[in-house]
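Structure, as structure tokens:
Keep in mind that what you see is a predicted model, and the values were worked out from it rather than measured. Atoms within each ligand, like the ligands themselves, are counted from 1 in listed order.
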Amino acid sequence: MAKIEPFPFPHEIYPDDWFSRLRREDLFPGDAPIELDLGCGDGSFLARMASHFPDRNFLGVERLLGRVRKVSRKSVVGDLANVRVLRVDSNYAVGWLLPLGFASRIHFLCPDPWPKKKHAARRQMCRMDFLASLHSLLEDDGELLFMTDDEPYFLEALEVQEGCDFFAREPWEERDFFYARTDFEEQWLAEGRTMHRLRLRKLPRP
Ligand SMILES: C[S@@+](CC[C@H](N)C(=O)[O-])C[C@H]1O[C@@H](n2cnc3c(N)ncnc32)[C@H](O)[C@@H]1O
């Protein structure tokens with residue numbers, strides 16, 4: 001059972017038990033699809049998606065308190081009953097805390113690129129164990145959407161994905177479907193950088 005903190009942070013989730021997986025109903029009431037945004041930052045993407053899709057729920061995971069509080073403020077100001085945010089490291093959330101099979105989509109947008117060789121293990125999209133954990137959080141047929149401006153990170157993620165038999169790549173051009181811009185995406189596009197996109201569909205485990 002998890003508590004939702006009372007005002008002024010009604011959108012923040014604090015589990016009573018950090019050592020058991022949450023249940024779907026601990027995140028949101030009802031059966032509406034739930035989308036997960038890993039490393040959600042200040043929550044601009046979450047808030048834009050939540051107001052565009054009031055019939056879907058959006059859960060952000062972010063480790064920095066200041067950014068979590070910005071998500072809270074945006075949710076209160078926008079009256080977004082379909083947003084929640086969890087302050088925790090995403091490795092822990094994905095591996096140990098979030099319910100299995102709960103997410104219709106997982107968004108992993110503009111993560112830190114960790115360019116130094118000694119930090120390679122922090123490039124989560126290049127780790128097969130991380131992909132396997134994301135796979136276990138998705139509903140059947142669910143989607144994982146990854147976007148980065150960092151070409152080496154993207155190419156490495158692509159190579160790992162090509163060796164993975166439990167996700168299939170699908171086409172994804174910017175205007176294929178409504179997809180809100182994130183804060184970092186806007187900043188990087190304004191600097192003239194290019195975004196690389198990877199859209200993966202969950203396959204049944206062989
Ligand atoms: C470059 S920012 C991108 C934020 C947002 N997705 C966007 O596109 O505007 C990366 C975010 O991921 C968060 N982050 C990085 N590593 C994390 C981790 N292990 N667990 C949770 N959040 C993390 C950072 O604090 C930061 O807010």
Side-chain angles (χ1 to χ4, degrees), residues 2 9 11-15 18 21-22 27 34-53 57-75 78 80 83-99 103 105-116 118-134 136-137 143-154 156-157 172 174 178-200:
F9 309 120
H11 300 267
E12 296 179 22
I13 294 179
Y14 293 93
W18 286 92
R21 281 195 186 271
L22 293 164
L27 303 174
I34 303 177
E35 304 198 12
L36 171 65
D37 183 11
L38 288 176
C40 65
D42 293 352
S44 298
F45 171 80
L46 269 188
R48 290 169 183 156
M49 292 294 277
S51 60
H52 189 84
F53 295 113
N57 291 316
F58 292 86
L59 172 68
V61 168
E62 170 56 52
R63 67 178 172 195
L64 295 181
L65 180 61
R67 293 185 178 176
V68 167
R69 288 287 141 89
K70 286 186 178 166
V71 179
S72 285
R73 264 177 241 128
K74 284 191 174 87
S75 307
L80 299 170
V83 173
R84 299 282 186 279
V85 61
L86 188 58
R87 184 188 176 205
V88 67
D89 183 282
S90 58
N91 290 295
Y92 188 74
V94 163
W96 302 101
L97 196 61
L98 291 171
R105 295 203 292 183
I106 298 176
H107 311 276
F108 191 37
L109 308 173
C110 307
D112 302 321
W114 299 110
K116 290 187 184 156
K118 65 178 179 182
H119 291 144
R122 299 187 194 178
R123 271 177 240 138
Q124 291 157 307
M125 275 298 287
C126 304
R127 283 178 20 215
M128 198 59 88
D129 65 312
F130 192 75
L131 286 182
S133 296
L134 295 183
S136 72
L137 299 186
E143 281 185 1
L144 166 60
L145 296 116
F146 168 68
M147 185 169 63
T148 179
D149 74 314
D150 190 83
E151 196 172 20
Y153 188 174
F154 179 74
E156 196 183 333
W172 183 19
E174 191 180 3
F178 176 84
Y179 205 71
R181 285 205 171 151
T182 81
D183 276 325
F184 277 76
E185 180 186 6
E186 281 183 334
Q187 192 182 313
W188 291 341
L189 288 173
E191 289 170 15
R193 302 199 219 175
T194 303
M195 303 308 296
H196 306 282
R197 296 181 174 77
L198 183 59
R199 178 182 176 205
L200 303 179

*Among Lys70, Arg69, Arg73, which residue meets the salt bridge (Lys or Arg N to Asp or Glu O under 4.0 Å) test with Glu12?*
Arg69

*Before signing off on this row, confirm whether Trp188 and ligand 1 have an N or O atom pair separated by under 3.5 Å.*
no

_Greater than 12 external heavy atoms within 6.0 Å of Trp18's CH2_ = yes

*So do the side chains of Leu189 and Met195 get within less than 4.5 Å of each other, counting heavy atoms only?*
yes

*Is the backbone of Arg63 close enough, under 3.5 Å, to the side chain of Arg87 for a donor and an acceptor to pair up by distance?*
yes

_Nearest non-hydrogen protein atom, atom 25 (O) of ligand 1_ = Glu62 OE2, 2.6 Å

*For the residue pair Phe154 and Phe146, does the interplanar ring angle fall in the parallel (under 30°), tilted (30 to 60°) or perpendicular (over 60°) class?*
parallel

*Mind checking whether Cys110 has an N or O less than 3.5 Å away from an N or O of ligand 1?*
no

*State which residues pass salt bridge (charged side-chain N to carboxylate O under 4.0 Å, His left out) with Glu62; sequence neighbours excluded, sorted by chain then number.*
none

*Around atom 26 (C) of ligand 1, find the nearest protein heavy atom and jot down its residue, atom name and distance.*
Arg67 NH1, 2.9 Å

_Just to confirm my output: which protein heavy-atom neighbour is closest to atom 19 (N) of ligand 1, and how far is it?_
Asp89 OD2, 3.2 Å

*What protein heavy atom is closest to atom 5 (C) of ligand 1, reported as residue, atom name and distance in Å?*
Gly39 O, 3.4 Å

*Run through Val85, Val61, Leu86, Leu109 and flag the one making a side-chain contact (heavy atoms from CB on, under 4.5 Å) with Cys40.*
Val85

*With a 4.0 Å cut-off on heavy atoms, does Glu185 reach ligand 1?*
no

*Say whether Leu109, considering both its backbone and side-chain N or O atoms, lies within less than 3.5 Å of an N or O atom on ligand 1.*
yes

_atom 2 (S) of ligand 1 [closest protein heavy-atom partner, distance rounded to 0.1 Å]_ = Phe184 CE1, 3.5 Å

*Which atoms of ligand 1 sit under 4.0 Å from any heavy atom of Asp112?*
1 (C), 10 (C), 15 (C)

*Strictly under 4.0 Å, does any heavy atom of Val88 approach an atom of ligand 1?*
yes

_Tyr153-His196 side chain donor-acceptor pair, cut-off 3.5 Å_ = no

_Sidechain-backbone polar pair: Arg123 side chain, Trp114 backbone, donor-acceptor under 3.5 Å_ = yes

*For Thr182, the ligand 1 atoms whose distance to one of its heavy atoms is below 4.0 Å*: 7 (C), 8 (O), 9 (O)

*Looking at Leu64, which atoms of ligand 1 are within less than 4.0 Å of one of its heavy atoms?*
25 (O)

*Under 4.0 Å from a heavy atom of Asp183: give me the atoms of ligand 1 that qualify, with their elements.*
9 (O)

*atom 14 (N) of ligand 1: the protein heavy-atom neighbour that sits closest, reported with distance to 0.1 Å*: Arg63 NE, 4.0 Å

*Output the list of atoms in ligand 1 that are nearer than 4.0 Å to some heavy atom of Ser90, sorted by atom number.*
18 (C), 19 (N), 20 (N), 21 (C)

*For ligand 1, find out whether one of its N or O atoms is nearer than 3.5 Å to an N or O atom of Gln124.*
no

*Report yes or no: does Asp89 contribute a side-chain atom to a donor-acceptor pair with the main-chain N or O of Asn91 at less than 3.5 Å?*
yes

_To the closest 0.5 Å, what do you measure between CE (Met49) and CZ (Phe178)?_
6.5 Å

